[in-house]
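Just below is one structure, and these are the notes that go with it.
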There are 2 protein chains.
Amino acid sequence: MSRENLKNIEKQISVYKHGKVPKELRIAQIVLTARTMFAQNGYTNSSMDELAKRVRVSKPVIYELVGSKDNLFKMILTEAGQELQDRIQNAVDEASTLESKLKAGGLAFFNFVKEHRQLWLALFVNDQGLFSKDIALIRKEQSDLVSNLIVSSNAFENSSLTYISGIAHALNGAYEALAIWWFDHPEIEPETLANWITELLLPTDLPLNR
Amino acid sequence: MSRENLKNIEKQISVYKHGKVPKELRIAQIVLTARTMFAQNGYTNSSMDELAKRVRVSKPVIYELVGSKDNLFKMILTEAGQELQDRIQNAVDEASTLESKLKAGGLAFFNFVKEHRQLWLALFVNDQGLFSKDIALIRKEQSDLVSNLIVSSNAFENSSLTYISGIAHALNGAYEALAIWWFDHPEIEPETLANWITELLLPTDLPLNR
DNA sequence: TATAGTAACCTACTTATAGTAGTTTACTAC
DNA sequence: GTAGTAAACTACTATAAGTAGGTTACTATA
């Protein structure tokens, strides 16, 4: 991601005294500036007027070079997605056993998020602001429900509350992702889905709807 | 959710010949109409002008009664979130063992999604359109990676590809949710998070970072 | 060194949509 | 039948995406 950083690009640009900068360089500057802007403000709260101001260029230049706000966001999204994917794939490839592959892949993912917190949030999670807090609240309530379930069952009796809270959120994320996946597999019964996740958490040797 | 349906409300409204409808009734009509509109078009692609048209009222009436587009969406989001929460809680309460509680809770969730597919998507997942396809593509690539991992490890050797695909998506959802949760627990190391999910999937009896 | 061609850029607009100021209409109580 | 008010309206502002059409500065060739 961003093989060249913004400082470099702008140094190169400063050479062109009267402001006529070659296309490629200008595009790189726009994309990198936009990436920062989206990370700071999210998609909706970023405006093309502001971007033009930051790049010190008029709006039609932006549109000429990157097409539209949507397209600009998609470029950034796709590039970041590719880097994330590559990093996970490499990590997995370099490990040998299933367990070490899972650990390595997970670690690669969390390291990516750590390095690009704001950007990751803006690109992959939601259009920050507006409703993220409200949705977070609903998620928290559901996770609390799961946490209570786990605690009262003594299934993880030697575990810390932090761990349980994290696992509860992870579990809710799993349900949600499975529900999204379900849109493309509508023939599956709700009972089956519920069984899948239960079985994943509490493995039994009983034959299951797999 | 929607103790009264829209048909009922509009029947009551039709009594008021010259269009002066009591506040409460009008609010109910607006909220229910908006819920349908948001479910159909998502937040961004819904406009207050269109809502006013559907309700056959001028825009200031809408603003007088529900404040703003944001607020309207939040009302609907909160109500739906509350119903979802209640249904899961009831299902969990009525079951006895941990396993049956997990199944019942999961089933309640998936039934809710089934009954309100479009609305659930619009409220809880994303502002449809724009980037949902691009994000879905990235998620799919990552899930494929996980699927391949599972298949090649023979960890689930008697499982169908559909099941494996679903589980892979669920697992990715778990990672993502844990990363979001991480924003509120930044002191935790990436390694710890990666271990948590690995351990969840492949339980060992070794002591762990819990 | 003049000038034709073009890449890069600009000013000033249109369109869409959230939100509002100020006014009018119909029902209600006396 | 008239005063008061709840409900509604017309017509506006502001912001932001996107565009039409024209201008400027570099480049190649005579």
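The sequence lines fix the lettering, A, B, ..., with proteins before strands; numbering per chain opens at 1. Below, each value reflects all heavy atoms present in this structure, side chains not excepted, and no hydrogens, waters or symmetry copies.
Across the protein-nucleic acid pair, K23(A) atom NZ and dA7(C) atom P stand 8 Å apart, rounded to whole Å. With rounding to whole Å, R54(A) atom CZ is found 13 Å from dA16(D) atom P. As rounded to whole Å, 4 Å separates atom C1' of dT25(C) from atom NZ of K20(B). Straight-line distance from the CD1 atom of I13(B) to the P atom of dC27(C): 15 Å, rounded to whole Å. For Q29(B) and dA7(D), the CD to C1' distance is 13 Å, given to the nearest whole Å. Rounded to whole Å, atom P of dA16(C) lies 13 Å from atom NZ of K59(B). Taking atom CZ of F73(B) as the reference point, atom P of dA18(C) lies 14 Å away to the nearest angstrom. The separation between I62(A) atom CD1 and dT19(D) atom C1' is 15 Å, rounded to whole Å.
Toward the 5′ end of DNA chain D lies the nearest nucleotide of D49(A), the other residue of the pair G67(A) and D49(A) mapping further downstream.
Phosphate proximity of dA8(D) to R56(B): absent, as no side-chain N or O sits under 4.0 Å from OP1 or OP2. Close to dG19(C), at under 4.0 Å from its OP1 or OP2, lies a side-chain N or O of Y63(B).
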Please set out all donor-acceptor pairs under 3.5 angstrom arising from side-chain atoms of residues 60-72 of chain A, sequence neighbours excluded.
residue	atom	partner	partner atom	Å
S68(A)	OG	N71(A)	N	3.1
K69(A)	NZ	Y43(A)	O	3.0
K69(A)	NZ	S46(A)	O	2.7
D70(A)	OD1	Y43(A)	OH	2.7
N71(A)	ND2	V66(A)	O	3.0

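Partner assigned to dA30(D) is dT1(C), using Watson-Crick or G-U wobble distances below 3.5 angstrom.
Using bins of under 30°, 30° to 60° and over 60° for the plane-to-plane angle, the ring pair W181(B)/H185(B) lands in the parallel bin.
Within 4.0 Å of P22(B), counting heavy atoms only, lie sugar-phosphate atoms of the nucleic acid but no base atom.
Figure legend: R87(B) and F109(B) shown without cation-pi pairing, the cationic atom not lying both under 6.0 angstrom from the six-membered ring centre and within 45 degrees of its axis.
The side chain of S58(B) has dC9(D) as its nearest neighbour among dC9(D), dC9(C), dA20(D).
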| task | Could you check Q82(B) against D86(B) for side chain to side chain donor-acceptor pair (under 3.5 Å), going step by step and ending with a plain yes or no? | result | CA-CA 6 Å; Q82(B) 191 60 55; D86(B) 290 347; 3.1 Å; yes
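Aromatic ring centres of W120(B) and F112(B): separated by at least 6.0 Å.
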